[in-house]
Amino acid sequence: MSSTYILSGSYATAEQAGITLWELESATGKLTKKAEVAGVERPSFLAVHPNGTSFVAVSETGDGEVVAYWLNPQKRLIQELNRQNAGGDHPAHITIDEDGQWAVSVTYSGAHVTVHRLSADGSIREMTDSKRHKGSGANADRQDAAHPHSAFQLPGTNRFFVSDLGMDAIVRYRLDLHSGTLEQEAVTKTAPGAGPRHLAFHPSGDFAYGVNELDSTVSVYALESKGLKEVQNISALPEHFTGTNTSAEIAVSGDGRFVYVSNRGHDSIAVFRVAEGLLESVGHADAGGAGPRHFTLVPNSPWIVIAHEESGTIAVKKIGEDGLPGETADSVDTVTPVCVRLLK
């Protein structure tokens, strides 16, 4: 049977195995642990290198680090290559550019957007640039200062969009692919108190979808030369839900037909149908655990893999023809999982 490999990051201590490699059986959705590695505190967010044999992780601590690894699934090996300072407190997200030359990370508490050069083997070299965000938002508890939460590359370009939860803004940067320096090009403001967190792009290249953590909404943006233009805002929650919730991850299906959002509190996966770029609610599926912080859609398969921070589980659920995740094919226990990434 064919298999896919999944990496998970977590809020483990340095003594615990915080990064795990799982084998996902394509026919059944069963997860099997293949390898794990300790030695890094809170290795939360991961990014896989295009070479398919290395990846990077952020150590989400004060004065945090970015750490590079080599892996071999067949030999069940994960080995650290090296580590560098992240350039600020609590790095929360990292991405590797399509060519595998640069790692762009953000520090949530430090409010920095940082670039590191990468070697061909995936190891992390010198920091080439760091930009600091300054600002605040309407939510006094969560938006006292700038808090960049993610950096996503617009496919096929050298543009990166940084969602800043604290500033209620998405900042577009141009990355110089020779020097590794960033140039700010545009700023898109969200609704006050929205708290933008992550971004996903439609395969058509015409639309982007932003999940807003604090008000549990999704903003639909038309991609324009000057940046993003909001054309729709829709709730990620059922109409009559009155409990507390924060939305976390967002993804677009490979065929562009559906958009998925995770809700922590309601503990659901919200599903939207895409109609000419805009969203129509399909419904909400049980996430299969508590605190679904992150998930990944497995290409050319019916599987969605969901990391539940609160229940300490990773669940594999089968997506139906209507786009809704249904039965749970498998669920495994692991320490505070907060990120699941496909091994390319």
Side-chain angles (χ1 to χ4, degrees), residues 3-10 12 14 16-24 33-61 63-88 91-107 112-130 150-160 173 175-182 294 296 299 338-344:
S3 297
T4 299
Y5 292 100
I6 304 283
L7 284 162
S8 63
S10 70
Q16 296 171 306
I19 296 174
T20 305
L21 176 69
W22 308 87
E23 184 177 23
L24 173 67
K33 185 186 295 185
K34 303 295 287 187
E36 58 188 10
V37 65
V40 174
E41 185 178 357
R42 293 167 65 91
S44 59
F45 208 85
L46 315 175
V48 177
H49 196 284
N51 64 19
T53 60
S54 64
F55 67 95
V56 292
V58 295
S59 176
E60 196 172 330
T61 63
D63 195 26
E65 294 179 308
V66 289
V67 188
Y69 294 89
W70 171 87
L71 80 167
N72 186 318
Q74 287 71 37
K75 294 184 178 180
R76 301 189 173 201
L77 291 175
I78 303 175
Q79 294 179 357
E80 182 178 328
L81 292 171
N82 73 326
R83 58 180 74 188
Q84 300 280 2
N85 189 278
H93 189 274
I94 190 165
T95 190
I96 296 175
D97 81 298
E98 294 173 335
D99 294 328
Q101 298 182 53
W102 308 100
V104 181
S105 60
V106 297
T107 61
H112 285 90
V113 184
T114 302
V115 184
H116 285 84
R117 191 184 302 272
L118 295 177
S119 296
D121 67 353
S123 58
I124 301 171
R125 295 168 61 186
E126 76 276 11
M127 183 188 301
T128 56
D129 201 6
S130 182
S150 64
F152 286 94
Q153 183 178 12
L154 178 62
T157 77
N158 60 339
R159 267 62 181 183
F160 288 77
Y173 288 99
L175 174 64
D176 187 304
L177 299 179
H178 298 288
S179 65
T181 55
L182 294 168
H294 195 254
T296 190
V338 294
C339 179
V340 280
R341 303 286 275 174
L342 282 166
L343 183 61
K344 298 178 182 178

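The model shown is predicted, which means the values in this text are computed figures rather than measured ones.
Taking every heavy atom of both residues into account, S130 and T114 meet most closely at OG-OG1, 3.4 Å. The shortest heavy-atom contact between S8 and V340 is CB-CG1, 4.1 Å. The minimum heavy-atom distance linking A68 with G122 is given by the pair CB-O, 3.4 Å. Listed here is the closest heavy atom pair of L71 and S54: CD2-N, 3.8 Å. Among all heavy-atom pairs drawn from V40 and P43, the shortest one is O-CD, 3.4 Å.
Looking only at distances, a side-chain donor or acceptor of N158 sits under 3.5 Å from a matching main-chain atom of L175. Between the side chain of Q84 and the main chain of I124, a donor-acceptor pair closer than 3.5 Å is present. Side-chain N or O atoms of S10 include one that pairs as donor or acceptor with a backbone N or O of G18 at under 3.5 Å. Panel note: side chain E41, backbone T61; no donor-acceptor pair is recorded below 3.5 Å. A distance-only check finds no donor-acceptor pair linking the side chain of E60 to the backbone of G64 [under 3.5 Å]. Checked by atom type and distance alone, the side chain of R83 never pairs as donor or acceptor with a backbone atom of E65 at under 3.5 Å. The main-chain N or O of D129 is never found under 3.5 Å from a side-chain atom of T181 such that the two would form a donor-acceptor pair. A donor-acceptor contact shorter than 3.5 Å is absent between the side chain of H49 and the backbone of W70. H116 places no side-chain N or O within 3.5 Å of a backbone atom of A103 that could act as its donor or acceptor partner. For the pair H93 (side chain) and A151 (backbone), a donor-acceptor distance under 3.5 Å is present.
Under the 4.5 Å side-chain criterion, counting only non-hydrogen atoms from C-beta, V113 is not in contact with F160. Side-chain atoms of E98 and P50, non-hydrogen and from C-beta on, never get closer than 4.5 Å to each other.
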Just do the side chain to side chain contact (heavy atoms under 4.5 Å, CB included) check on W102 and T128 with the steps written out, would you? CA-CA 9 Å; W102 308 100; T128 56; 3.7 Å; yes
Verdict with reasoning, V67 to E80, per side chain to side chain contact (heavy atoms under 4.5 Å, CB included): CA-CA 7 Å; V67 188; E80 182 178 328; 3.7 Å; yes
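For the atom pair OG of S105 and CE of M127, the computed distance is 7.5 Å after rounding to the nearest 0.5 Å. Here E36 contributes atom CD and I19 contributes atom CD1; the two are 11.0 Å apart, rounded to the nearest 0.5 Å. To the nearest 0.5 angstrom, I6 atom CD1 is 5.5 Å from L24 atom CG.
Note on ring orientation: taking the six-membered ring where Trp is involved, the planes of Y69 and F55 are parallel (angle under 30°, cut-offs 30° and 60°).
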